[in-house]
Amino acid sequence: MNTPTVGKPLTRVDGRLKVTGAATYAAEFQRPQLAYGTLIQSAIANGHVVKLDTSAAKSAPGVVAILTRENTPGFKPYPDDLTKKGAPGENRMPLQDDEVHYAGQHLGVVVAETFEQATYAASLVRVTYQAQSPIIDLPDQRAANTATTPEKFIGREDLQVKRGDADGALAGAAHKIDATYSTPVENHNPIETYSTTAEWEAADRLLVHECTRGIKQLQRILAACFGLPVEHIRIICPFIGGAFGSKGFQWSQTLLAAAAARLLQRPVKLTFSRSQMFDSAGQRAQTEQHFTVGADKNGKLVALRHATTTHSSPISEYTEPCGNMSRMLYSCPNVDVTHRLVKLNLTSPCPMRAPGECPGVFALECAMDEIAHETGIDPVEFRLRNYADRDEHQNRPWSMKNLRECYERGADKFGWSKRNQKPASMRGRDGSQIGFGMATAIYPAAQQKAGATATLNQDGTVVVRSATHEIGTGTYTAMSQFAADTLGLPVEKIRFELGDSAFPVAPNNGGSWLTASVGPAVIGACGELKKKVLDQFGHWPNERELSSLSAPIRSEFTSEPNKEERGKFSFFSYGAIFVEVHVDIFGQTRVKRATGVYDVGRMINPKLARSQIMGGLLFAISTALFEATIPDQATGRVVNSNLAEYHVAVHADAPPEFDIDFIDKPDPHMPDLGARGIGEIGITGAPAAVANAIFHATGKRVRNLPITPDKLI
Amino acid sequence: MADESETPLGPDCGDLDELLIFGNPETRRQFIKQVAGTGVAITIGVNFVSGSGLTTEQPVAASPTTPGGDSVKTKLKINGKEYALDVDPRTTLLDALRERLHLTGSKKGCDHGQCGACTVLVNGRRVNSCLTLAVMHEGDEITTIEGLANGEELHPMQAAFIEHDGFQCGYCTPGQICSAVALLKENHAKSDDEIREWMSGNICRCGAYPNILAAIKGAKTKTST
């Protein structure tokens, strides 16, 4: 019996492939007779196409086909569940009409023998438009005319919630704040851009290499849109170069690549430029969040009102659910959470790392800092006074909550007691203003249905398979650990395989649910396999017995969430994040230290878990200080659609001191090992911690992200 | 190309190298301005990176050609192996590596020299291979991520990246590692701050920076002892 690996800081099992360049990403599969596609995109954001002149492009060297509305047979509609009830992704079929809803919308594809030829030829396409002035801003009156108040987030979470009487309680509150926070459009910007290589292996069989974190979903989409049986579509994706919410759902490029490949009867590769990652791959919607918060003289919350306005595109109903955590993070008898959705001529939004929670908890945690300041109570103490011992929104107990310990341990490790409560009271030797800020982190702990197979081969290795994904979170490693521990084998004997639609079902990679969903399937399949093997041999077979096996021994297992258990408790991960910022005379903010203590259930692999949280915190610092996608007011086109002008945190922006700690207690109500998700919680709360620290450093309360130097001088 | 007129970069460009572009915003702006001013593809080559004119004893690989359109014959020496190519003159070094030679370890992230995922070593110096054309590199010694390990034995920097978990999705990793190898040679790893600054041309969206820093320091210790 080998010592268990769960809880041990194993290095990544796919590490060698990644450091040698041998890991193969979507755009890197060599296909015979490959042709290259380049998108034709709309230069206007609102109106319609009058004429699309491809004559010059057609005669450019190397061009083999130009796909436009005229020569593209209509696609069958997307599956209903992916377009209705506010589902992320677009509900309009590509090339279905001449309408233009946002700048960059796909109007066709130029296909040529080489990438250079396709790129050049696409520049020769002339498009004539009838343009209308685009609606770009939330406050635009024309946007207000499109406003709706959606009931649910993707058909699940209530977006309009009332508890008690917020108005009445606010009228009598001893302390009150009223503040509006805003967050800009942001783009995921994984370093790998989108890429699809489509290939028809037969007239009715499609093979797609795409960086998708929704393999089974994409398979279903393509089957529906081409009217084929699901098993005639195969999606391959062993590695994804980052996603952060992108690379899921239905966007038009997969269909366009597949249609071009069918037209040409040869494989077509369509890879996005960096600029196209800003208009063709989804984005985080901008938000405006109005908070009214009241507290009594002892610093106990009496009322909390959180009204969000956000946007979608004209061809999507997706709503950034900013208020969900405001319903229950703190104990408060009178709560009023609303969401209002308007339509803008911007590319369709979709989830981006911690959708709703990132902008929503930013605003909530800034509001808590403001009301704490108003009452004169230390921000940590204020949160402890308003600690929620049960979920007051769903009126049920937490599955497990150690947030109090996160606050206490975090404050202790950070040295929070050295903080002078007065804003603008601390200065560094270089004259910079120093501030300490903190915030709560929270993210739901979900679970989905997933399956896996496990196969013992004659050489003694066990191959475990599930149609899940590796976006960098460590799926290969964590699942290998589960398999090894269940079977009592060393990790080296396990080969975990993912990224193939032919494998057993796995959910989209999102919602921080991968480990809690696929883990039980892997554990189940390996448990069954072990039983089968032991039934046959009475012990784990030795080399000689293995080599005499007539066929590999195989097992399969499907795991589903326990509905009863899920209904009894509220499942969340928690954390407390503390930061120290220095703001120099030019208004430039540097995060010098970050201390985070997280309650995320059982640690599967502390090395990888720490990396995940650290990455989330850096993403959060980037969100707080740098990131904003800026549409041109006149044309609606993104003016900073590149990585020099859309700033993301670079190495020099990383805090010199990072202290990340975990409570590491298994959640008794999560399946098997009691692990909750860790992918997204790192980005929640931390942007507020930075904003709160900036207030503490400077006395200036900046309520609109990102907090760039111009807002501080 | 229809217009082959070579527009010189101007008197400064003898001193201009990609290392400076990397670290010095002033030079970078100047470079972009000059390139924008030329209006044609940059066909610099000679004074851009000093070629060492290495000869090779290895056989020249079979010569893939560009299907359709104009092409230029060129020879590239990559990871010690020489390749003869008929290449569209617009082809970047990165696209030649990835699409023509199927050396896909070098990654494409932005095509503008802004992310560093395409970083390779040209005559030992780090270069954004998306910002330079393949035809400019005849005679250069090009090392990609595929050429760093010694057979099965990883380069100390590769081993350190695994040990310190200096990556998550792995997509920026080849560029980070090539950049880090050059960083040590440049002697730009004297302090944490210096490493952070001189590695800031390689973006890691997963946010592995503190681990990358640890990996570089780890590799530095191992290679200096």
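Reminder, nothing fancy here: chain letters follow the sequence lines and each chain counts from 1. The structure presented is a predicted model; accordingly, all values stated were derived computationally and were not measured.
When B:Asp192, B:Asp95, B:Asp111, B:Thr104 are compared by the number of non-hydrogen pairs under 4.5 Å with chain A, B:Thr104 comes out ahead. Counting heavy-atom pairs closer than 4.5 Å to chain B, the top residue among A:Ala23, A:Gly15, A:Ala112, A:Gly474 is A:Gly15. Of the listed residues (B:Ile203, B:Leu103, B:Thr173, B:Ile212), the greatest number of heavy-atom pairs within a distance under 4.5 Å of chain A belongs to B:Ile203.
Atom CZ of B:Arg90 and atom CZ of A:Phe115 lie 10.5 Å apart (nearest 0.5 Å). Atom CD of B:Gln168 sits about 8.5 Å away from atom NZ of A:Lys18, to the nearest 0.5 Å. Annotation: the span from A:Asn642 atom CG to B:Cys115 atom SG amounts to 11.5 Å, rounded to 0.5 Å. The structure places NE2 of B:His112 at 8.0 Å from OG of A:Ser641, a figure rounded to the nearest 0.5 Å. Atom NE2 of A:His651 is separated from atom CG of B:Asp193 by 10.0 Å, given to the nearest 0.5 angstrom. Interatomic distance, B:Arg98 CZ to A:Tyr25 OH, rounded to the nearest 0.5 Å: 10.5 Å.
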Might you work through the side chain to side chain contact (heavy atoms under 4.5 Å, CB included) test for B:Phe167 and A:Ser611, ending with a clear yes or no?
CA-CA 8 Å; B:Phe167 52 87; A:Ser611 294; over 6 Å; no
Audit row: A:Thr20, B:Ile145, side chain to side chain contact (heavy atoms under 4.5 Å, CB included) steps and yes/no
CA-CA 6 Å; A:Thr20 55; B:Ile145 191 73; 5.6 Å; no
Evaluate the criterion side chain to side chain contact (heavy atoms under 4.5 Å, CB included) for residue pair A:Thr114 and B:Glu99; output intermediate values, then yes/no.
CA-CA 9 Å; A:Thr114 70; B:Glu99 303 299 334; over 6 Å; no
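When heavy atoms are compared at a cutoff of 4.5 Å, A:Tyr36 approaches chain B solely by way of its side chain, counted from C-beta outward. At a 4.5 Å heavy-atom cutoff, the contact between A:Glu192 and chain B is made by backbone and side-chain atoms alike. If you measure heavy-atom distances from A:Ile191 to chain B, the contacts under 4.5 Å come from both the backbone and the side chain. Contacts between A:Ala654 and chain B at a heavy-atom distance below 4.5 Å involve backbone atoms as well as side-chain atoms. There is no contact between A:Pro9 and chain B, counting heavy-atom distances below 4.5 Å. Of the two parts of A:Leu617, neither the backbone nor the side chain holds a non-hydrogen atom closer than 4.5 Å to a non-hydrogen atom of chain B. Neither the backbone nor the side chain of B:Ala149 comes within less than 4.5 Å of any heavy atom in chain A. In this structure, the portion of A:Arg610 lying under 4.5 Å from any heavy atom of chain B is its side chain and not its backbone. Heavy-atom distances place no part of A:Phe239 under 4.5 Å from chain B, backbone and side chain included. Contacts between A:Tyr646 and chain B at a heavy-atom distance below 4.5 Å involve the side chain alone, from C-beta outward. Looking at B:Glu194, there are no atoms closer than 4.5 Å to chain A (heavy atoms on both sides), in backbone or side chain. For A:Ser622, the part sitting under 4.5 Å from any heavy atom of chain B is the side chain, from C-beta outward, and nothing else.
Listed for the B:Tyr209 side chain is a donor-acceptor partner under 3.5 Å among the backbone atoms of A:Ala649. A donor-acceptor contact shorter than 3.5 Å is absent between the side chain of B:Arg205 and the backbone of A:Phe619. Side-chain atoms of A:Thr193 never come within 3.5 Å of backbone atoms of B:Gly109 as a donor-acceptor pair (strictly under, hydrogens ignored).
A:Arg12 and B:Glu163 are not joined by a salt bridge, as no carboxylate oxygen comes within less than 4.0 angstrom of a charged side-chain nitrogen.
Across all non-hydrogen atoms, the minimal contact from B:Glu146 to A:Gly21 is OE2-O, 4.5 Å. Smallest separation of non-hydrogen atoms from A:Ala652 and B:Ser200: N-OG, 2.9 Å. Smallest separation of non-hydrogen atoms from B:Cys169 and A:Ile240: CB-O, 3.4 Å.
Put simply, the side chain of B:Lys108 does not reach to within 4.5 Å of the side chain of A:Arg274, judged on heavy atoms. A 4.5 Å side-chain heavy-atom check between B:Pro210 and A:Leu618 finds at least one atom pair inside the cut-off.
The environment of A:Tyr120 atom OH is sparse: at most 12 non-hydrogen atoms of other residues, nucleotides or ligands sit within 6.0 angstrom.
There is no side-chain donor-acceptor pair under 3.5 Å between B:Asp165 and A:Thr11.
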